[in-house]
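Below is one structure, written out as C-alpha cells; comments come after it.
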2 protein chains.
Amino acid sequence: MTLSPNKFIGEYAYSIDAKSRVNIPARFRQALSVENEETFFTTRGFDACIYVIPAIVWQNMEMELSNLSSVSETNRSFIRNQTRHASPSTYDKQGRIKIPASLLEYAGIEKDVTIIGMINKIEIWNADRLAENDQNNLNLDSNSYDDLAGKIIL
Amino acid sequence: MTLSPNKFIGEYAYSIDAKSRVNIPARFRQALSVENEETFFTTRGFDACIYVIPAIVWQNMEMELSNLSSVSETNRSFIRNQTRHASPSTYDKQGRIKIPASLLEYAGIEKDVTIIGMINKIEIWNADRLAENDQNNLNLDSNSYDDLAGKIIL
DNA sequence: GAATGTTACCCACAATTACCCACTATCTTA
DNA sequence: TAAGATAGTGGGTAATTGTGGGTAACATTC
C-alpha cells in the first residue's frame with residue numbers, strides 16, 4: 001500500500017453545529033488537496049470515536065473486500081460489519097463535512113469534539129470521552145507497547 | 001475480477017410499498033449511472049435476505065458458474081440455486097425497483113427493510129431479521145476474523 | 001369480449017440535504 | 001500596528017430524496 005502525503009497529525013478542538021457539520025482542520029484539507037481529493041468516508045472507529053478516512057485509503061480496503069468470496073459466511077459477516085456504518089461525504093466550501101446521526105450517537109457526540117490526526121485517517125472524539133479514554137490508558141501495563149518496539153523506530 | 005466503481009456501502013432504512021417497490025438509495029444509483037447501467041438482478045441471498053446485483057457483477061458470476069463442471073452434483077445444485085430465483089429488473093423514475101413476491105416471502109419481508117451496501121452488491125433484509133442475525137453473529141468465535149486480519153488493512 | 005389483475009409510467013408532496021452567502025475571530029505580512 | 005488573507009461558525013434557499021398514489025397499457029381468465 002503506497003499512500004501519498006495524507007499525513008494527519010495533531011489535535012484540534014471544534015464544535016458540531018445544528019446541522020451535524022464538523023470542520024476539518026485546514027492543515028488536513030491542504031494535505032488532501034495535494035491529490036485533488038475532497039471525498040472522505042466516515043465510519044465507526046475501533047474505539048468509541050468516528051473515523052474520517054480519505055477516499056484513497058478507504059478504496060484500498062474496498063478493493064480488498066471485493067476480493068472476498070461471499071460463499072463464506074465469515075466473509076459475508078465481515079464485509080457487512082465493515083460497510084454498514086460507513087458513508088461517503090465531501091466537504092463544503094467552508095471545509096466541513098456532515099456526520100451521520102448514527103455515528104454521532106455511537107461516539108456520544110453532541111457539541112464539543114476533539115479531532116486527532118492518525119497519520120492516514122482522522123479520529124473525531126467526544127471531547128470528554130477522549131479524556132476518560134486517556135485516563136484508562138494510564139492503567140495499561142507499561143510493557144504493553146513492547147511488541148511494537150521492533151516495528152517502530154524512533 | 002476487476003470491478004468498476006460499484007462500491008455500495010452503508011446501511012439504510014426503507015419501507016416497501018403496497019406495490020412491492022423498494023427504493024434504491026440515491027448514492028447507489030449514482031454509483032451505477034457512472035457506467036450507464038440501470039439493470040439489476042434480484043435473487044436469493046446466501047443469508048435470509050434478497051440480493052440486488054448490478055448487471056455487470058451478475059454477468060461475472062454467470063461466467064464463473066459456467067466454469068463449474070456439471071459432473072459434480074454439488075456444482076449442479078449450486079448453479080441451480082443461484083439461477084432459479086433470479087430475475088432482471090430496472091428502477092423507475094423515482095429510483096425504485098419491484099421485488100418479486102417470491103423473494104419477499106423468502107426474506108420474510110412485509111414492510112420495513114434494511115438495505116446494506118456490500119461493496120459490489122446490495123442486500124435487502126427484513127429489519128427485524130437482520131437484528132436477529134447480528135445477535136447470532138455475536139456468538140461467532142472472536143477469532144473468526146483472524147484470517148482476514150492479514151488481508152485487510154485499516 | 002368482458003372482467004380482473006398486473007405492470008409501467010407519470011405526477012405530487014413533505015422532509016431532508018446540498019449549496020451558497022455572510023459574519024467574526026485569528027493569523028500574516030508589510 | 002494596520003490591512004489583508006485565512007479560518008471557524010451560523011444560517012437561508014434551492015435541489016434532491018423518499019414515499020404515496022393515479023392512470024393507461026397490457027396480459028390473463030372466465
Side-chain angles (χ1 to χ4, degrees), chain A residues 8-34 37-42 50 52 55 85-105 109-117 122 124-127, chain B residues 8-34 38-42 50 52 86-105 109-117 122-127:
Chain A
F8 306 120
I9 60 169
E11 177 177 324
Y12 305 81
Y14 290 109
S15 62
I16 291 208
D17 67 19
K19 291 180 177 176
S20 301
R21 295 176 297 190
V22 218
N23 210 335
I24 299 295
R27 288 226 178 87
F28 292 177
R29 274 180 264 147
Q30 287 159 3
L32 283 168
S33 65
V34 170
E37 196 187 322
E38 296 180 355
T39 302
F40 294 90
F41 289 81
T42 56
I50 298 168
V52 181
H85 308 107
S87 66
S89 72
T90 59
Y91 50 74
D92 64 19
K93 238 175 185 173
Q94 282 69 250
R96 294 170 295 192
I97 59 171
K98 189 180 184 308
I99 308 286
S102 61
L103 288 180
L104 292 179
E105 190 181 353
I109 291 173
E110 291 183 352
K111 183 134 185 56
D112 294 324
V113 299
T114 302
I115 294 187
I116 301 180
I122 300 165
I124 303 180
W125 286 81
N126 169 324
Chain B
F8 306 118
I9 63 166
E11 179 176 326
Y12 306 81
Y14 290 110
S15 61
I16 291 209
D17 66 19
K19 293 179 178 176
S20 300
R21 296 175 297 188
V22 217
N23 208 338
I24 299 295
R27 289 226 178 86
F28 292 178
R29 277 178 263 148
Q30 288 160 3
L32 283 169
S33 64
V34 169
E38 295 180 355
T39 302
F40 296 91
F41 288 81
T42 55
I50 299 169
V52 181
S87 64
S89 73
T90 59
Y91 49 74
D92 65 17
K93 231 176 186 173
Q94 280 70 249
R96 295 170 294 194
I97 58 172
K98 190 178 184 308
I99 308 286
S102 62
L103 288 180
L104 291 179
E105 189 181 354
I109 291 174
E110 292 183 352
K111 182 135 184 54
D112 294 324
V113 299
T114 301
I115 294 187
I116 300 182
I122 300 165
E123 286 183 355
I124 302 179
W125 286 80
N126 169 324

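Reminder, nothing fancy here: chain letters follow the sequence lines and each chain counts from 1. These numbers were taken from a predicted model, which means no experiment stands behind them.
- The shortest distance between the side-chain N/O atoms of A/Thr90 and the OP1/OP2 oxygens of C/dA18 is not below 4.0 Å.
- Of all heavy-atom pairs spanning B/Phe28 and B/Gly117, the tightest one is CZ-CA, 3.7 Å.
- As rounded to whole Å, 16 Å separates atom P of D/dG18 from atom CG of B/Asp112.
- By the 6.0 Å contact criterion, CD on B/Gln94 is enclosed, its count of non-hydrogen atoms from other residues, nucleotides or ligands being greater than 12.
- B/Asn23 approaches B/Ile115 most closely through the heavy-atom pair O-CD1, 3.3 Å.
- Between the CD1 atom of B/Ile97 and the P atom of C/dT7 there is a distance of 14 Å, rounded to whole Å.
- You'll find the side chain of A/Asp92 stays beyond 4.5 Å of the side chain of A/Lys98, heavy atoms only.
- Along DNA chain D, the nucleotide closest to A/Pro25 and the one closest to A/Lys19 are compared, and the more 5′ of them pairs with A/Pro25.
- As rounded to whole Å, 9 Å separates atom P of D/dG18 from atom OH of B/Tyr12.
- Checking C/dC9, D/dG18, C/dC21 against the side-chain heavy atoms of B/Arg29 singles out D/dG18 as nearest.
- At whole-Å resolution of the value, CZ in A/Arg21 and P in D/dG11 are 9 Å apart.
- Closest to the side chain of B/Lys98, out of D/dG18, C/dA8, D/dG10, is C/dA8.
- Nucleotide D/dT17 holds its P atom 13 Å from the CZ atom of B/Phe28, rounded to whole Å.
- Rounded to a whole Å, the OH atom of A/Tyr91 is 11 Å from the P atom of D/dA7.
- With hydrogens and angles ignored, no donor-acceptor pair under 3.5 angstrom links the side chain of A/Gln94 to the base of C/dC19.
- Using the six-membered ring where Trp is involved, A/Tyr91 and A/Phe40 have ring planes that are tilted, between 30° and 60° apart.
- Phosphate proximity of D/dG8 to A/Tyr14: present, with a side-chain N or O under 4.0 Å from OP1 or OP2.
- Among the protein residues, B/Asp92 comes within range of no part of the nucleic acid, since none of its heavy atoms lies under 4.0 Å from any strand.
- We find that CZ of A/Arg27 is positioned 15 Å from C1' of D/dG8, with the value rounded to whole Å.
- As rounded to whole Å, 13 Å separates atom P of C/dC19 from atom CZ of A/Arg96.
- Each end of the helix from C/dG1-D/dC30 to C/dA30-D/dT1 gets its own axis, taken as the rotation carrying the C1' atoms of four end pairs onto the next four within a five-pair window, and the two axes meet at 30° to the nearest 10 degrees.
- When all heavy atoms of B/Ser15 and B/Val113 are compared, the closest pair comes out as N-CG2, 4.4 Å.
- Although no hydrogens or angles enter the test, the distance criterion places no donor-acceptor pair under 3.5 Å between the side chain of B/Arg21 and the main chain of B/Ile16.
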